[in-house]
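Side chains included, hydrogens not; waters and symmetry mates left out as well; all remaining heavy atoms used.
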Amino acid sequence: MLTGSTIVLASFAYVGLLFAIAYYGDKRADAGRSIIANPYIYALSLAVYCTSWTFYGSVGRAATSGIGFLPIYLGPTLMAALWWYVMLKIIRISKANRITSIADFIASRYGKSHMLGGLVTIIAVIGVVPYIALQLKAISTSFSIILKYPEVVMPDKAGAPLFLGDNTFYIAMLLAAFTILFGTRHLDATERHEGLVAAIAFESVVKLLAFMAVGLFVTFGMYGGFTDIFDRATEIPHLTALLMLGGESGNYTTWASLTFLSMLAIMFLPRQFQVAVVENVDERHLNKAIWLFPLYLLAINVFVLPIALGGLMHFPNGGVDADTFVLTLPMAQQQPLLALLAFIGGLSAATGMVIVETIALSTMACNDLVMPVLLRMKWLRLNEQPDLSRLLLGIRRGAIVVILVLGYIYFYLAGEAYALVSIGLISFSAVAQFGPAIIGGIFWKGGTRTGAAWGLSAGFLVWLYTLLLPSFAKSGWLPITFLSQGMFGIDLLKPQQLFGLHGLDDITHCLFWSMLANIGCYAGISLLQRSSAAEHSQATLFVDVLKQSSAAAGSRFWRGSASVDDLLALLSRFLGPERARDAFTVYAGSRGGKTLQALAADADLVHYAESLLAGTIGSASARAMIASVVREEPLGIDEVMTIIDEASQVLAYSRQLEQKSHELESATNELRSANQRLQELDRLKDDFISTVTHELRTPLTSIRAFSEILNDNPQLDPAQRSKFLGIVIKESERLTRLINQVLDLAKIESGSAEWHSGDIDMREVLEDSVTAVSQIFRDQNVMLNINVPEALPLIAADRDRLMQVMLNLLSNAAKFCERPDGRVNVTLAQEDGTLRVDVADNGIGISPADQEIIFDKFRQVGDTLTQKPKGSGLGLAISREIISHFGGRLWVTSAVGTGSTFSFTLPIKAGSKFQVSNQSAKSKPGRIST
Amino acid sequence: MKPETRNPKRVLIAEDEPSIVLSLEFLLKGAGYDVTVATDGNQAQHLAESLIPDLIVLDIMLPLLDGFEVCRRIRKNKKLGHAKILMLTARGHESAVKKSLMLGADAYMTKPFSTRELVGTIAELLAP
């Protein structure tokens, strides 16, 4: 009944059903009514973790290791408990940065590095190829077995011809075709495949049902239930061992390392990242997935042990490969439908894995490996191509084919040597190398690109050496001495006992060394280095993603100028014109209902465009493309602060400048007035000098003239001789007087005169001065009176100078007196803490206009008279200077026709004693006879 | 009789300092001139206009009207066109000299002067 054609037909029908579901899913998604926006669908899609390894391999493992098959399911269960934090962070980061693959994630975190992206892609491809080979082996083996129905015969292990003669090759090519059809019909900026997710969810249900059907059949159909199976198993000694921990089932180290590995695998297998992160539509779905997924795992593992035990009991002596029990047991029990269901279930598990995994890998290969290299090759002039979407699709399809061919080749080379599970664990160990870089990347800002690169490379190389190459050696493709004696015959370099570490199983051994190398290099080099600015901004974005609002995250560290048209053109090249326009229209609509025309090329739009592009060609390439159309001006908070600083500096400077110009103005004004004063003084000085010159020359003229006359006229009569000589003498005296006065005044004014202050009795001074001028007064017939009190305090002054003043005043008074009947009165009195002296004459008086100018130098009253008065004109000026010097005042009171009174005051010396005179206070007439 | 051919020549002295007047009088009278004295500027101008002297010895520092002004007025007077003016002053400033010559003085002498020089210059000025 189960003919080959039936089986093939059933297979194609099933795949066709998957297609239909996928198609429907995509259509609904395009219409906006997604069918996968559902936490149950999300959780089911995560079950793509369970491949033919789960379907067939677990039973096979259970048959040899008992419950030792469990650890790889313990890991995900434990990890799921942490998802609410770790997975949430990863999902949010990925959405914010439009990350579309693991390679993209790592590249983006470490400064959008092309190099890292490429490295991760290579590791992923090489690491996952064995896993794909495993699926191929499962399909081909199960197909070969079911073909032989109702006989249960193991497939011929003799070497099948490579490629064209090998069924497996065709299976691989078919899978490639399916994958291409499922995943590369168009390019989506978000790399989401809604239809695919729907199909995968369906597939998860199918394999679960199929497995459970077989399980139920074995447990309750072939035996009497769980207790029945276990009771029977315990009767067989070697089976009992399987039921116990330790021993066959593996020791604690093995369990620990397997659990650890699977914890990493559930996150970092490319297909897991694809369905869990990239395909996630709503992060709230995580909440359900956290318990739904472990539930699924439980459900699918419930019957593993019963089936294994059943198979072991049913097929004794190891004639049937335990990996095939799920299929062979129904076959052996003549259950064609069940067998077919089992086969379909296994096929489902395998195809699901291959399709999703290969799509994920091809995306990475295209975005992070091939495109960066092509973009770098400027001679290809990719920048000028208007539509690159076809090229991108082509690259992806090519990648899918290549990956499947590689899978086939690995299967051919190494597939026979291992049990399914062992092959799978090799892949787990490879993708575990992503762990440090990613976990470190989302929790530690200090991780640098170089550190991650070295960590990844070191871990990968160790994995290569301790697991992958040995797998070739065990299949005979490398000399076995490689394993037993180490590379180059060095004992310490034995791949599975590196540096003498033995006693560990292969997987644990590899895990130990690879993690050591990986984490050591990653942490060590990152600590030694400082991250670049780009890395640091990305690190902050990643590590702090849960703290920030997502909207502003990307555009914060960027500023530039671009045009909407340029961005649209760029996007059209990669997404196709229609999709690009749609994307922009959606964006415009979300920004307050604007139209595409009204869109402004601001930082947010550029960031949006970059994200879209990243979804198609990876974030590193997107960065490069955006940079090529946009003039970038990275603006950090420092720059803003600098600009503000500069602005305030300019303000302060201009204020300073204003202030300085004010100061300059006032200084200039001061200077101007000072200059004016100086010029005036200069003029005064000039006047003074010319006046002095004139005054000095005048007597000199007479002296010279008469001297010459006397000399030239010896015969002059004696009377004339006497007269002329008299003039010479008089003028000489006048000259001398004048010179002395000028010098005196100059000295007083310049402050270099000598003052000999002492205690002065003013009465004495008055009396002495009166005595000195008495002859002049007698000559001129003028009466002189003096009036002094008895007791008078002393003053501090220079006696000679006071005499000078008195003589000046007295001689002036004599000059200006009315003749005849001239009278001069001298009075001395005490007044308000000062002594006052008055010299009053009854002369012609001085007009008010003249009253001030007489104190000027060389000014004499008498310029206006026909009679030039005697004297130099400096006397009063000098007297005033003298009185001022001692703190007093000299002034005149006069009216024309009534005479003049010259008065001066001098301050009394503080605490001076009274001098009592022995003369009476009466008016004492001068010794001038009337 | 024409002033030019008058003999003795008439000289007007305008000087306010008495001793200097005395010395000038002695010198010029001794030289045989007919000497008149004015002691202020106004007087000098009037006497010049009335006497029509042949030479005027003019001090700059004169009361009431200074020598420069007297000079200017004399030079305006056509009748005194032939009269020589000798400026005599204690001010030796270059500007005073220039001003005198600009105003029409024929000679300038600073005080104190040499009596021989004075008499000699006057003789030159009055030479026919």
Side-chain angles (χ1 to χ4, degrees), chain A residues 683 685-717 719-735 738-739 742 858-873, chain B residues 13-32 35 37-44 46 57-68 86-97 99 108-122:
Chain A
R683 211 166 15 90
K685 185 201 75 189
D686 281 343
D687 281 351
F688 179 68
I689 286 176
S690 66
T691 312
V692 167
T693 313
H694 184 271
E695 292 297 314
L696 289 176
R697 283 185 173 162
T698 304
L700 263 177
T701 308
S702 303
I703 293 167
R704 182 177 179 175
F706 282 116
S707 302
E708 286 182 7
I709 287 171
L710 283 168
N711 195 38
D712 293 338
N713 295 280
Q715 77 290 357
L716 218 54
D717 65 276
Q720 245 182 346
R721 269 175 81 90
S722 173
K723 185 179 175 186
F724 288 169
L725 274 170
I727 290 174
V728 168
I729 292 166
K730 199 174 69 163
E731 291 298 297
S732 301
E733 283 171 355
R734 178 181 163 192
L735 183 60
L738 184 65
I739 290 173
V742 168
F858 298 119
R859 298 304 291 264
Q860 293 170 296
V861 179
D863 281 357
T864 55
L865 300 175
T866 51
Q867 190 100 355
K868 194 169 182 181
K870 300 184 182 72
S872 66
Chain B
I13 297 176
E15 169 65 57
D16 63 323
E17 190 67 34
S19 2
I20 299 176
V21 166
L22 206 61
S23 61
L24 287 172
E25 266 186 320
F26 180 86
L27 288 168
L28 296 179
K29 277 183 182 164
V35 176
V37 173
T39 52
D40 68 59
N42 277 334
Q43 196 183 27
H46 291 142
V57 176
L58 194 48
D59 180 29
I60 292 178
M61 300 295 285
L62 283 173
L64 300 181
L65 203 65
D66 74 67
F68 287 129
L86 170 67
M87 299 294 272
L88 189 67
T89 184
R91 291 191 173 222
H93 222 248
E94 202 181 287
S95 57
V97 178
K99 194 171 179 183
Y108 187 96
M109 208 169 252
T110 52
K111 301 183 212 175
F113 52 82
S114 155
T115 52
R116 274 181 215 145
E117 243 182 72
L118 182 73
V119 174
T121 309
I122 288 175

Intermediate values then yes/no, side chain to side chain contact (heavy atoms under 4.5 Å, CB included), A:R704 and B:T115
CA-CA 8 Å; A:R704 182 177 179 175; B:T115 52; over 6 Å; no
What residue among B:S19, B:P18, B:S23, B:P112 forms side-chain contact (heavy atoms from CB on, under 4.5 Å) with A:S702?
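Per the side-chain contact (heavy atoms from CB on, under 4.5 Å) rule, the option paired with A:S702 is B:S19, out of B:S19, B:P18, B:S23, B:P112.
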Let me see the working for B:E17 and A:R734 under salt bridge (Lys or Arg N to Asp or Glu O under 4.0 Å), right down to the final yes or no.
CA-CA 13 Å; B:E17 190 67 34; A:R734 178 181 163 192; 2.4 Å; yes
Within the structure provided, determine whether B:R116 and A:E708 are in side-chain contact (heavy-atom separation under 4.5 Å).
no
Interatomic distance, A:T701 atom OG1 to B:E15 atom CD [nearest 0.5 angstrom]
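Rounded to the nearest 0.5 Å, the OG1-CD separation comes to 8.0 Å.
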Nearest 0.5 Å please: distance from the CD1 atom of B:I20 over to the CZ atom of A:R697.
12.0 Å
With a 4.5 angstrom heavy-atom cut-off, could you sort out which part of B:L22 is near chain A: side chain, backbone, both or neither?
both
Considering only heavy atoms, which portion of [X] lies under 4.5 Å from any heavy atom of chain B: side chain, backbone, both, or neither?
X      : result
A:K723 : side chain
A:L700 : both
A:L710 : neither

Ring centroid separation B:F26 to A:F706 under 6.0 Å:
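Not under 6.0 Å, so no.
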